[in-house]
Amino acid sequence: MLGGMILISGVSGRLGGAILDAVGARADVLAVAGHPSTLPSGVDVLVLTGPPGGAAVPWARHVVYASLAGSGDGTPLAPAHRATEARLPGTATVLRNGWYAETAARLTAARADTAAASGVFTAPLGAGRLSVVARQDLADVAARVALESAADLGAGRPSRHAGRTYELEGVTAVGGDELAGLLGWVLGRRVRYEPAPPARGKLFESIAAGRLEATSTDLTALLPSAPRPALDVIERAVVARGRRFGGAAG
């Protein structure tokens with residue numbers, strides 16, 4: 001095992017659970033389902049996941065916080081994340097996570113029945129595109145940062161990630177045309193994209209305005225290999241939600 005004790009919060013959530021699995025048996029790990037208000041003694045690295053908390057961040061020798069990508073600053077999720085970032089120790093590591101490919105998968109799956117009947121995929125995306133990343137890639141980055149920080153602290157030196165903010169935007173951007181093409185593959189028929197009328201909600205507004213298509217990312221520098229193909233992640237998630245219509249992916 002490497003370094004000292006790692007505490008991972010929010011392990012009942014999908015990201016926290018994936019980080020716990022990625023850390024595996026390579027460190028002494030404690031896991032809590034929610035936002036820890038108190039810490040057991042001896043915690044070296046605290047990985048905070050889940051909804052940002054309003055209380056002061058618990059103390060640990062090093063804090064790793066799963067935040068929101070900078071491209072999301074115009075969305076409703078941003079203010080709470082930025083407020084939490086502001087309360088972190090200056091030595092903390094901030095992981096500004098991009099939008100999950102699984103989020104695009106839910107949007108696509110929700111419209112699959114209509115697309116199967118009409119051959120048209122409609123969504124309020126305009127001509128915008130959303131940069132997406134596999135949740136597991138974000139978990140792998142968080143696990144690396146936590147393990148390397150624990151190893152550094154165990155060796156008597158500060159974490160090599162201390163004071164760093166990493167923008168973990170996805171390297172693949174998807175819009176209506178890409179999602180329609182993917183649905184066509186799953187359905188085994190031609191599906192075209194038709195923009196729906198603008199929807200209320202800052203997320204869709206930001207996508208349509210092109211603000212959620214990333215231009216740079218730290219993701220590739222922190223993964224051991226190329227990011228998982230986002231369209232493959234979306235396709236598998238759509239099929240896993242019971243959308244098996246035959247055709248190439250049926």
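Residue numbers count from 1 along this sequence.
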Going by heavy atoms in the side chains, are Asp137 and Val141 under 4.5 Å from each other?
no

Once you round to the nearest 0.5 Å, how far does NE2 of His161 lie from OG1 of Thr91?
13.5 Å

Are Glu102 and Arg106 ion-paired here, with the side-chain N under 4.0 Å from a carboxylate O?
no

Asp28 and Ile6, any side-chain heavy atoms less than 4.5 Å apart
no

With sequence neighbours left out, which residue pairs that include part of residues 162-186 fulfil the salt bridge (charged side-chain N to carboxylate O under 4.0 Å, His left out) condition?
Arg96-Glu167, Arg129-Glu178

Give the intermediate values and the outcome of side chain to side chain contact (heavy atoms under 4.5 Å, CB included) for residues Val191 and Val120.
CA-CA 5 Å; Val191 176; Val120 177; 5.9 Å; no

Nearest 0.5 angstrom please: Asp113 CG to Ser118 OG, how far?
10.5 Å

How long is the straight-line distance from OH of Tyr166 back to CG of Leu222, given to the nearest 0.5 Å?
5.5 Å

Hey, are the side chains of Leu179 and Tyr193 touching, using non-hydrogen atoms and a 4.5 Å cut-off?
no

For Arg61, the salt bridge (Lys or Arg N to Asp or Glu O under 4.0 Å) test, sequence neighbours excluded, returns Asp44

Only distances under 3.5 Å count here; give the side-chain donor-acceptor pairs of residues 7-25 to other protein atoms, sequence neighbours excluded, each with its distance to 0.1 Å.
unit_1 : atom_1 : unit_2 : atom_2 : d
Ser9   : OG     : Val47  : O      : 3.3
Ser9   : OG     : Thr49  : N      : 3.0

Please check if Ile234 and Leu187 belong to a single hydrophobic cluster, counting links between Ile, Leu, Val, Met, Phe, Trp and Tyr side chain heavy atoms closer than 4.5 Å.
yes

Are any of the side-chain nitrogens in Asp73 or Lys202 under 4.0 Å away from the carboxylate oxygens of its partner?
no

Charged N to carboxylate O under 4.0 angstrom, Glu194 versus Arg192?
yes

Let me confirm one number: the CG-CG distance from Leu138 to Asn97, rounded to the nearest 0.5 Å.
4.5 Å

Rounded to the nearest 0.5 Å, what separates atom CG in Leu168 from atom CG in Leu219?
6.0 Å

Without hydrogens or angle criteria, can the side chains of Glu85 and Ser67 be said to hold a donor-acceptor pair below 3.5 Å?
yes

